[in-house]
Number of protein chains: 2
Amino acid sequence: MLKRYEPAPAPGGAEIDLLFQALADPSRRAMVDRLTRGPASVSELAAPLSMSMPAVVQHLHVLQDSGLVRSEKVGRVRTCSIQPAALRSAEQWIADRRTAWEQSLDRLGEYLAGQSDKPEQGSTP
Amino acid sequence: MLKRYEPAPAPGGAEIDLLFQALADPSRRAMVDRLTRGPASVSELAAPLSMSMPAVVQHLHVLQDSGLVRSEKVGRVRTCSIQPAALRSAEQWIADRRTAWEQSLDRLGEYLAGQSDKPEQGSTP
DNA sequence: CTAATACTTAAGTAGGTGCTTAAGCGTTAT
DNA sequence: ATAACGCTTAAGCACCTACTTAAGTATTAG
C-alpha cells in the first residue's frame, strides 16, 4: 500500500497558491489579458480560444476561485471583469522575493567591502 | 475515438508559460523563497520540504527549465542560485496587464467626463 | 406559444503532475 | 581500499487538469 502525500504547505498562504495556479494556464492568461481591455461576456472570452464553452466556463471558475476575476449574471449573459487587487497580490509576491534577493546581494557587497582587498569570483578590483 | 486538444496558444510566449507553471507549486515557491536569501545546495533546499530528494531534484529541473534558477555542480555538491531576470519577467507580465486595466479605466473616466457633468461611477450626486 | 441564445451541469477520458522506492554514480573522508 | 555523502536516474503509481460531448435551464426574440 502506497503512502499518500499531503497537499503541501503554501508559503505566502493558500490564496497565492490559487493565484499562481490560475495564471499557470495559457488559456486562462489569455482570458485575463482580454479582461484588462474591459469587461466581457463568457462568449466573448470563449471566442478566440478554439475550445468548447464548458471548457471556458471551467477556466472561469478557476479564475474566480483565485479572486482574479469576478462576474455577475444579468439576464442570460454573464459579464466578467478583472479584479486588480488579486493581480497586484501576485505581482507583490514576486516583487518581495526579488527585493529580498537584491538585499542579500547588498549584504554580500557590504561584507566584501568590509573584508578589504580579498579577491572575489567574477571580477577583480 | 476522442479528439485530442492542442497545447494551446501562449500569450506572451512559451517562456512565460514555463515561468508561471514553475511558480504554481508551493514547494517550488518555497525553494525560490529560500534562494532569495542566498545560494543553496540541493540538500539545503530539500531540508525543510518533507519530501524525498528525487522529488526536490524534479522540482529543481522545473525551476531551471523556467529560467528561474541556475545551478552549478562543483565536486559532489550542486549549488543553486536564483535568476532575478526571470523573476522580473513574470512580475512584468502581471504589471503590464494591471496597467492596461488602469488605462482602460482612465479612458472610461475621460469618456464619462466628456459625456456630461457626471464625473464618476458608483455614487450619485 | 415556439425557437434561438447564453450559459450551465454532468459524466467521462487522455495525458500531465507530484510524489514514491530502489538502484546507480562520481566525490570526499577514514 | 572501504565507506559515507550528495546527488542522479529509472520506474511506477495516485491524483489532478484540461478538455470532450450530451443534456439541461433560464432568458429573450419572433
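Heavy-atom basis, side chains included; hydrogens, waters and symmetry copies ignored.
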Legend entry - Distance test, side-chain N/O of Ser27(A) to OP1/OP2 of dC19(D), below 4.0 Å: yes
Inset, instruction - Provide, to the nearest angstrom, the distance between the CE atom belonging to Met31(B) and the C1' atom belonging to dC19(C). - result: 14 Å
Legend entry - side-chain contact (heavy atoms from CB on, under 4.5 Å) involving Arg76(A) - partner list, sequence neighbours excluded: none
Legend entry - Qualifying salt bridge (charged side-chain N to carboxylate O under 4.0 Å, His left out) pairs with a residue from residues 86-95 of chain A, counting only residues at least two apart or across chains: Arg88(A)-Glu102(B), Glu91(A)-Arg98(B)
Inset, instruction - Compare side-chain N and O positions of His59(A) against OP1 and OP2 of dT17(D) and report whether any pair is under 4.0 Å apart. - result: no
Inset, instruction - Let me know the distance between CG of Leu18(A) and C1' of dC16(D), rounded to the nearest Å. - result: 14 Å
Inset, instruction - Check whether any side-chain nitrogen or oxygen of Gln21(B) sits under 4.0 Å from OP1 or OP2 of dG16(C), and answer yes or no. - result: no
Which atoms of nucleotides 6-11 of chain C (N or O only) lie under 3.5 Å from a protein N or O atom, and what are those distances?
residue : atom : partner  : partner atom : Å
dA6(C)  : O3'  : Arg76(A) : O            : 3.1
dC7(C)  : OP1  : Arg78(A) : N            : 2.9
dC7(C)  : OP2  : Ser43(A) : N            : 3.1
dC7(C)  : OP2  : Ser43(A) : OG           : 2.4
dC7(C)  : O3'  : Lys73(A) : NZ           : 3.4
dT8(C)  : OP1  : Lys73(A) : NZ           : 3.4
dT8(C)  : OP1  : Arg78(A) : NE           : 2.8
dT8(C)  : OP1  : Arg78(A) : NH2          : 2.8
dT8(C)  : OP2  : Arg78(A) : NE           : 3.3

Legend entry - Euclidean distance, atom CG of residue Asp17(B) to atom C1' of dT17(D) [Å, nearest integer]: 14 Å
Which pairs of donor and acceptor atoms, one on a side chain in residues 51-60 of chain A, lie under 3.5 Å apart (sequence neighbours left out)?
residue  : atom : partner  : partner atom : Å
His59(A) : ND1  : Arg28(A) : NH1          : 3.2

Inset, instruction - Please state whether the phosphate of dT20(C), meaning OP1 or OP2, lies under 4.0 angstrom from any side-chain nitrogen or oxygen of Ser52(B). - result: yes
Legend entry - Ser89(B): partners by side-chain hydrogen bond (donor to acceptor under 3.5 Å, both in side chains), with sequence neighbours left out: none
Inset, instruction - Applying side-chain hydrogen bond (donor to acceptor under 3.5 Å, both in side chains), name anything that partners Asp65(B), two or more places apart in sequence or on another chain. - result: none
Inset, instruction - On DNA chain D, check which nucleotide each of Val62(A) and Gly75(A) is closest to and give me the residue with the more 5' one. - result: Val62(A)
Inset, instruction - Compare all side-chain heavy atoms of Trp101(B) with those of Val32(A) and state whether any distance is below 4.5 angstrom. - result: no
